[in-house]
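Have a look at the structure below, then the notes.
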Amino acid sequence: MSSITWHYVLKFIITGDAAVGKSSLLIRLTDQRFLTNPDPTLGVEFGSKLISIPDDDKIVKLQCWDTAGTESFRSITRSYYRGAAGCLLVYDVTNRKSFANTRSWLADVREHADPHLTCILVGNKVDLCDEAQDSPPKPRQVTTEEAAEFAQQEGLLFVEASAKSGVNVEAAFVEATKDILNKIKNGV
Ligand code: GDP
């Protein structure tokens with residue numbers, strides 16, 4: 001009989017405007033699926049995933065919490081942030097407003113979460129700007145450079161991803177997890 005064990009359990013939260021793809025990123029991570037029309041009233045609340053960290057020989061269990069639709073009401077509570085080690089701060093690269101709003105989501109995180117929390121800025125839906133897709137590409141409203149600059153100024157990790165194609169979804173969690181494990185090793 002084999003049993004799966006893990007070295008760490010880390011809580012992640014996923015935050016950002018409604019419809020940027022938070023639930024889709026979580027479903028992609030935990031279920032390797034993409035839903036074109038997820039039922040907005042059935043926000044995914046929780047997903048769990050084991051990941052292994054390259055070069056570190058460590059198995060980490062991620063426990064990821066989604067806002068499950070409550071972001072529209074700004075009713076995210078303190079308990080959502082409590083105990084979180086990592087945060088995905090998500091915007092849609094074809095929606096300028098969702099990028100602008102990451103500032104206030106970040107302020108919220110900084111007000112409520114642990115000050116050592118690792119935050120990764122995720123520009124989602126890059127597939128929509130891809131010339132090679134079936135439908136006409138959507139104009140990109142946020143450049144990679146400006147988002148990278150914002151991330152650097154704010155001390156965030158940064159990646160562009162697509163829940164639809166799967167590109168950089170697990171990588172976003174892995175990058176954040178590596179940073180968290182480094183902080184743990186350094187006693188932060
Ligand atoms: P949430 O409100 O932030 O949790 O967003 P959802 O995950 O419910 O996604 C909102 C809409 O965007 C849905 O129609 C998804 O199918 C779509 N969506 C999410 N991620 C992507 C992506 O990476 N690419 C594309 N093309 N659509 C996406």
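Please read these numbers as outputs of a predicted model, since none were measured by experiment. The residues of the chain are indexed from 1 along the displayed sequence.
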query: Are Val9 and Gln63 close enough that some pair of their side-chain heavy atoms sits under 4.5 Å apart?
result: yes

statement: For Cys87 and Val109 the tightest heavy-atom approach is SG-CG2, 4.1 Å

- request: For Lys58, check side chain to side chain contact (heavy atoms under 4.5 Å, CB included) against everything at least two apart and list the hits.
  value: His7, Tyr8, Asp56, Leu181

message: Quick check for you: to the nearest 0.5 Å, what is the distance between Ser23 atom OG and Leu35 atom CG?
response: 9.5 Å

field: Residues Glu170, Arg28: salt bridge by 4.0 Å N-O rule
entry: no

- request: With sequence neighbours left out, write down each residue that passes salt bridge (Lys or Arg N to Asp or Glu O under 4.0 Å) with Lys11, or none if nothing qualifies.
  value: none

query: Regarding Thr15 and Lys22, is there a side-chain donor-to-acceptor distance under 3.5 Å anywhere?
result: no

field: CD1 on Ile51 to NZ on Lys61, rounded to 0.5 Å
entry: 13.0 Å

message: I need the Glu175 CD to Ile53 CD1 distance, nearest 0.5 Å.
response: 8.5 Å

task: Enter the distance from Lys185:NZ to Ile180:CD1 here, rounded to the nearest 0.5 Å.
output: 12.5 Å

- prompt: Would a distance-only check, ignoring hydrogens and angles, find a side-chain to backbone donor-acceptor pair under 3.5 Å from Asn95 to Lys97?
  reply: yes

Tyr81 and Asp108: side chain donor to acceptor below 3.5 Å: yes

- line: Phe99 meets the ring-ring contact (aromatic ring centres under 6.0 Å, His included) criterion, sequence neighbours left out, with Tyr91, Phe150

field: Heavy-atom pair with the smallest gap, counting every atom of Ala176 and Ile120
entry: CB-CG2, 4.2 Å

task: Look up atom CG in Leu89 and atom OG1 in Thr102, then write down how far apart they are to the nearest 0.5 Å.
output: 5.0 Å

- prompt: Got more than 12 heavy atoms from elsewhere within 6.0 Å of CG, Asn186?
  reply: yes

- prompt: Can you pull the salt bridge (Lys or Arg N to Asp or Glu O under 4.0 Å) pairs that have at least one residue in residues 116-126, sequence neighbours excluded?
  reply: Asp92-Lys125

task: Could I get the full list of ring-ring contact (aromatic ring centres under 6.0 Å, His included) partners for Phe158, not counting sequence neighbours?
output: none

field: Taking every non-hydrogen atom, the tightest pair across Glu160 and Asn168
entry: O-ND2, 2.7 Å

message: Please give me the minimum heavy-atom distance between Ala172 and Val159, naming the atom from each residue.
response: CB-CG1, 3.7 Å

message: Does Arg140 form a side-chain contact (heavy atoms from CB on, under 4.5 Å) with Val126? I'd like the steps, not just the answer.
response: CA-CA 8 Å; Arg140 178 188 267 272; Val126 284; 3.9 Å; yes

query: Mind checking what makes side chain to side chain donor-acceptor pair (under 3.5 Å) contact with Arg103, not counting sequence neighbours?
result: none

OG on Ser48 to CG on Leu62, rounded to 0.5 Å: 7.5 Å

task: Assess the side chains of Asp127 and Ser162: does a donor N or O sit below 3.5 Å from an acceptor N or O?
output: yes

message: Once you measure the plane-to-plane angle for Phe173 and Phe12, does it fall in the parallel (<30°), tilted (30-60°) or perpendicular (>60°) bin?
response: tilted

